[in-house]
S.K.: 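My structure is below; once you've seen it, I'll send some questions.
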Amino acid sequence: MPDVMIILGSKSDIDVARKCKETLDKLGISNEVTIASAHRTPEKVTEHAARDEIKVFIAIAGLSAALPGAIAAHTIKPVIGVPKSGKVNLDAILSITQMPPGVPVAAVGLDMGENAAILAAQIMGVASKEVAKRLIEHKSLMRGKIEADAESLSKEF
Ligand code: RP5
């Protein structure tokens, strides 16, 4: 049973979903990926939002990006919205962040599928020692990479 559900508004959001899924897989978090559109298949969105086994929803959408908000309207689970880049960019960012009082959506940056996955893991890590441990390892790998980069840079300059 998946803990995290990744929903894309369209197949054209697939690259962002891939980064998100890869990061969740690396962190050992079970997940499922599907497409459901707030405007084109609203009933499907409602169906997924009602799934009891899901702990965190990640919704990726561009343009007017109603998807994360539409999911949040039908669940008390945390919803993370990922604005997908396009011609304008601010359209999706504002649609996802400017939710009305009482119905929050946590937003990550434009196309930041990996950050949505890490945030989902951090939410789950509050109740799971195992997930928290994997997040600590992930941070330590990042630290190691920056330290190695700093070391090589100091040799070059
Ligand atoms: C949004 O409209 C989708 O999330 C996608 O980012 C954008 C364009 O969709 P397509 O016309 O490519 O299907 O709902």
Side-chain angles (χ1 to χ4, degrees), residues 1-128 130-132 134-135 137-139 141-142 145-146:
M1 271 206 300
D3 284 327
V4 174
M5 176 99 213
I6 305 170
I7 307 182
L8 299 64
S10 161
K11 200 177 173 190
S12 55
D13 304 324
I14 193 77
D15 290 344
V16 179
R18 266 201 193 101
K19 289 191 283 183
C20 185
K21 184 178 169 46
E22 275 166 20
T23 308
L24 285 172
D25 289 345
K26 257 191 230 158
L27 291 167
I29 292 175
S30 61
N31 60 82
E32 187 179 315
V33 187
T34 193
I35 300 172
S37 162
H39 301 109
R40 295 162 174 162
T41 60
E43 301 82 6
K44 270 275 161 220
V45 172
T46 314
E47 253 173 58
H48 287 301
R51 284 174 60 178
D52 204 35
E53 76 275 22
I54 306 299
K55 296 193 173 86
V56 181
F57 289 92
I58 296 175
I60 303 164
L63 298 177
S64 76
L67 182 61
I71 297 168
H74 292 284
T75 183
I76 56 157
K77 313 279 177 55
V79 179
I80 302 168
V82 189
K84 163 82 192 327
S85 60
K87 281 189 188 143
V88 181
N89 293 333
L90 256 189
D91 48 8
I93 292 173
L94 292 176
S95 296
I96 291 175
T97 54
Q98 291 292 80
M99 288 296 292
V103 192
V105 163
V108 294
L110 208 58
D111 297 337
M112 287 288 184
E114 58 274 65
N115 267 2
I118 291 167
L119 185 54
Q122 288 175 331
I123 292 166
M124 293 189 47
V126 173
S128 162
E130 194 49 48
V131 174
R134 285 186 223 125
L135 280 164
E137 283 163 11
H138 177 78
K139 270 214 194 290
L141 285 175
M142 276 195 312
K145 185 181 178 318
I146 294 293

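Note that ligands are numbered from 1 as they come in the structure, with each ligand's atoms numbered from 1 the same way. Note that the numbering runs from 1 along the sequence shown for the chain.
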S.K.: Please tabulate, for side-chain N and O atoms in residues 99-116, each donor-acceptor pair with protein atoms closer than 3.5 Å (sequence neighbours left out).
M.R.:
{"unit_1": "D111", "atom_1": "OD1", "unit_2": "S85", "atom_2": "N", "d": "2.8"}
{"unit_1": "D111", "atom_1": "OD1", "unit_2": "S85", "atom_2": "OG", "d": "3.4"}
{"unit_1": "D111", "atom_1": "OD2", "unit_2": "S85", "atom_2": "OG", "d": "2.7"}

S.K.: What side-chain hydrogen bond (donor to acceptor under 3.5 Å, both in side chains) pairs are there with at least one residue in residues 53-82, not counting sequence neighbours?
M.R.: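 Pairs touching residues 53-82 that pass the test: D3-K55, R51-E53.
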S.K.: May I ask you to check whether over 12 heavy atoms, not counting those of M142, lie within 6.0 Å of atom CE?
M.R.: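 Buried by this count: over 12 neighbours within 6.0 Å.
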S.K.: Can you name the residues that form a salt bridge (Lys or Arg N to Asp or Glu O under 4.0 Å) with K139, not counting sequence neighbours?
M.R.: none
S.K.: Could you list, one pair per line, each nitrogen or oxygen of ligand 1 together with any protein nitrogen or oxygen closer than 3.5 Å, giving atom names and the distance rounded to 0.1 Å?
M.R.:
{"unit_1": "ligand 1", "atom_1": "4 (O)", "unit_2": "D13", "atom_2": "OD2", "d": "2.7"}
{"unit_1": "ligand 1", "atom_1": "4 (O)", "unit_2": "G62", "atom_2": "N", "d": "3.1"}
{"unit_1": "ligand 1", "atom_1": "6 (O)", "unit_2": "D13", "atom_2": "OD1", "d": "2.6"}
{"unit_1": "ligand 1", "atom_1": "6 (O)", "unit_2": "G62", "atom_2": "N", "d": "3.1"}
{"unit_1": "ligand 1", "atom_1": "11 (O)", "unit_2": "R40", "atom_2": "NH2", "d": "3.1"}
{"unit_1": "ligand 1", "atom_1": "12 (O)", "unit_2": "S12", "atom_2": "OG", "d": "2.7"}
{"unit_1": "ligand 1", "atom_1": "13 (O)", "unit_2": "S10", "atom_2": "OG", "d": "2.6"}
{"unit_1": "ligand 1", "atom_1": "13 (O)", "unit_2": "R40", "atom_2": "NH1", "d": "2.8"}

S.K.: Which one of I80, V4, V79 satisfies the side chain to side chain contact (heavy atoms under 4.5 Å, CB included) criterion with F57?
M.R.: V79
S.K.: Counting C-beta onward and ignoring hydrogens, is there a side-chain heavy-atom pair between L24 and I6 closer than 4.5 Å?
M.R.: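 Yes, side chains in contact.
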